[in-house]
There are 2 protein chains.
Amino acid sequence: MEIKDVILGFLDWKPMTGYELKKLFADLDFLPWSGNNNQIYKGLLELEKEQLVRKTIIPQENLPAQKRYSITAAGKKQLQCAVAQPPDAESLKWRHGFLQQLAWSECLTTEEIRQLVGQFQKQNENELVKTQDAIRNVPATVRRSPREAFIWGMVFRNRVMHLQSELNWLNLLLGGLTELNRKLDSL
Amino acid sequence: MEIKDVILGFLDWKPMTGYELKKLFADLDFLPWSGNNNQIYKGLLELEKEQLVRKTIIPQENLPAQKRYSITAAGKKQLQCAVAQPPDAESLKWRHGFLQQLAWSECLTTEEIRQLVGQFQKQNENELVKTQDAIRNVPATVRRSPREAFIWGMVFRNRVMHLQSELNWLNLLLGGLTELNRKLDSL
DNA sequence: TTAACCATGTAAAAAGTTACATGATTGT
DNA sequence: ACAATCATGTAACTTTTTACATGGTTAA
C-alpha cells in the first residue's frame with residue numbers, strides 16, 4: 001500500500017475533494033503519511049492520469065471551485081489488488097502497512113482477510129524469535145555501566161513486548177471474524 | 001535524534017569505520033534508517049566538517065584504506081544535547097525517537113533519564129485518551145458492513161493496545177532504574 | 001482583529017532508496 | 001564457479017517536508 005492506494009481506499013467510501021482527504025490523513029494516526037498538499041494534490045493528478053479516479057468540478061461563489069474525485073472501476077481493481085498483497089516486511093518495522101491493508105479490506109472475502117492475517121501472524125512470530133535471539137547478541141560495547149546494560153536490555157524488550165501485544169491483537173481479530181461468521185450463519 | 005546523532009552515539013562506544021556503522025544499522029531493528037552508503041558516508045563527511053568527529057586513515061594491503069572515525073569533545077556535547085531533548089511527538093507514531101534517546105542516554109544522569117521517561121509517559125497517556133476518544137468519532141462512512149465496522153474498531157484498538165503495552169514497558173523501565181539505584185546505594 | 005476554515009496548487013529543499021563502480025579475499 | 005565479506009564512495013531517482021502563493025468567510 002502506498003499513499004495513492006490509501007487515497008483510493010478513501011474515495012471508495014465516497015467521492016471527496018483533496019481538502020477532505022487532507023483532513024482524513026491528519027486525523028487518522030495509523031497512516032504514516034502527513035498528507036501535505038504536495039502528496040494529496042499531486043497524487044490525485046496522477047491517479048486521474050492513470051484513470052483510477054475521475055473528477056467533477058463544482059463551482060462555488062467566492063471560493064475556489066471544488067474538485068470532487070470519485071473512484072473508477074479500474075481504481076477499484078487497483079485498490080483490491082493493493083489490499084490483497086501479502087503484508088510486507090516493513091509492516092514489522094515502522095510503516096504499519098498491514099493496518100492499511102486491513103482498513104480497506106472490505107473488497108476482500110472474509111477468507112482472504114483471514115489469509116492476510118495468518119501471513120502477518122507468522123511474520124510476527126518469526127520476528128519475535130529473531131528479536132529474542134538478537135538480545136543474546138547485543139554488542140558487548142554497550143556495557144559501559146550496569147545501567148547501560150539494563151537500558152539496552154529494555155530497548156530490545158520494548159520490541160518484544162510490542163510484538164507480543166501485536167500477536168494478542170491478531171488473536172482478537174481472528175476471534176472477532178469467526179464470531180461475525182457464526183452470527184451471520186445463524187440467521 | 002537524527003541519523004547523525006545516532007552515528008555519534010555509536011562512535012561514543014568506540015571509534016568505527018563507515019562499514020562497521022552500516023552493519024550496526026542493518027542489525028538493530030529499532031533504528032528507522034536503512035543505513036545505506038549514502039547516509040553513512042555522507043553523514044560522516046558532514047560530521048567531520050562540523051568537527052564533531054575526527055578520522056584516522058589506516059592503510060591496508062590489497063584493500064582500500066580504512067577511515068576510522070572517533071567522536072570529538074564537541075561531538076559528545078552534541079550527542080548529549082540530542083539525547084536530552086524532550087521526546088517529540090513522532091515518537092508516538094512510527095519513528096520511535098524515544099528509544100534512540102534512551103539507547104544513548106549513558107551521557108545523562110539517572111535523574112535526567114527518569115525525567116525523559118516521565119515526559120514520554122505523559123505523552124503516551126494523553127495519546128491513549130485521544131485515541132480512545134477517536135474511536136467514538138470513526139467516520140460513519142466506514143460502516144458499509146458489520147464486518148467493516150468491526151475491522152475499523154480493531155484498527156483503532158491496535159493503537160490502544162500498543163500504547164497500553166508501551167505504558168507497561170515504561171513502568172518496567174522506571175522500576176528497573178529504581179532497583180539499580182537501590183543496589184548502588186546499598187554498597 | 002486575529003485566528004481558523006475553506007480550497008486550490010507550486011517550488012525548493014531535505015531525506016531516503018537503489019543502483020553503479022572498483023577490486024582483493026575467503027568460504028561453499 | 002559463485003557468493004559473501006571487506007571497504008570505500010558516487011549518481012540518479014523517489015519520497016517527504018516545508019514554505020510559498022492566493023483570497024474570501026466565519027467565529028472568538
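Protein chains get the first letters and strands the later ones, always in sequence-line order, with residue 1 at the start of each.
- For B:Y69, the side-chain atoms get nearest to D:dG9 when compared with the rest of D:dT16, C:dT17, D:dG9.
- Nucleic acid contact class of A:Q60 (heavy atoms, under 4.0 Å, all strands): sugar-phosphate only.
- Ring geometry, B:W13 versus B:F10: the interplanar angle exceeds 60°, so the pair is classed perpendicular (tilted spans 30 to 60°).
- Ring geometry for A:F98 against A:F120 counts as parallel: the plane angle stays under 30°, on a 0 to 90° scale with 60° as the upper cut.
- Residues of residues 16-29 of chain B that place a heavy atom closer than 4.0 Å to DNA chain D, in numerical order, are B:T17, B:G18, B:Y19, B:K23.
- Applying the salt bridge (charged side-chain N to carboxylate O under 4.0 Å, His left out) test to A:D133 and every residue at least two apart in sequence or in another chain returns A:R136.
- With DNA chain D read from its 5' end, the first of the two nearest nucleotides for B:N37 and A:G35 is the one closest to B:N37.
- In this structure, the side chain of B:E20 engages the main chain of B:T17 through a donor-acceptor pair within 3.5 Å.
- Between the side chains of A:Q100 and A:D5, no donor N or O sits under 3.5 Å from an acceptor N or O.
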Could you run down the sub-3.5 Å N/O contacts of the protein with nucleotides 24-28 of chain D?
| unit_1 | atom_1 | unit_2 | atom_2 | d |
| --- | --- | --- | --- | --- |
| D:dT25 | OP1 | A:N62 | ND2 | 3.2 |

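- Nearest approach of A:F150 to B:L172, heavy atoms of both residues: CZ-O, 4.3 Å.
- For B:Y41, counting side-chain heavy atoms from C-beta on, the closest listed nucleotide (C:dG16, C:dT8, D:dA7) is D:dA7.
- Comparing atom distances between the A:Q66 side chain and each of D:dT10, C:dT17, C:dA7 picks out C:dA7 as nearest.
- Closest to the B:N36 side chain, of the nucleotides D:dT10, D:dT17, C:dG16, is C:dG16.
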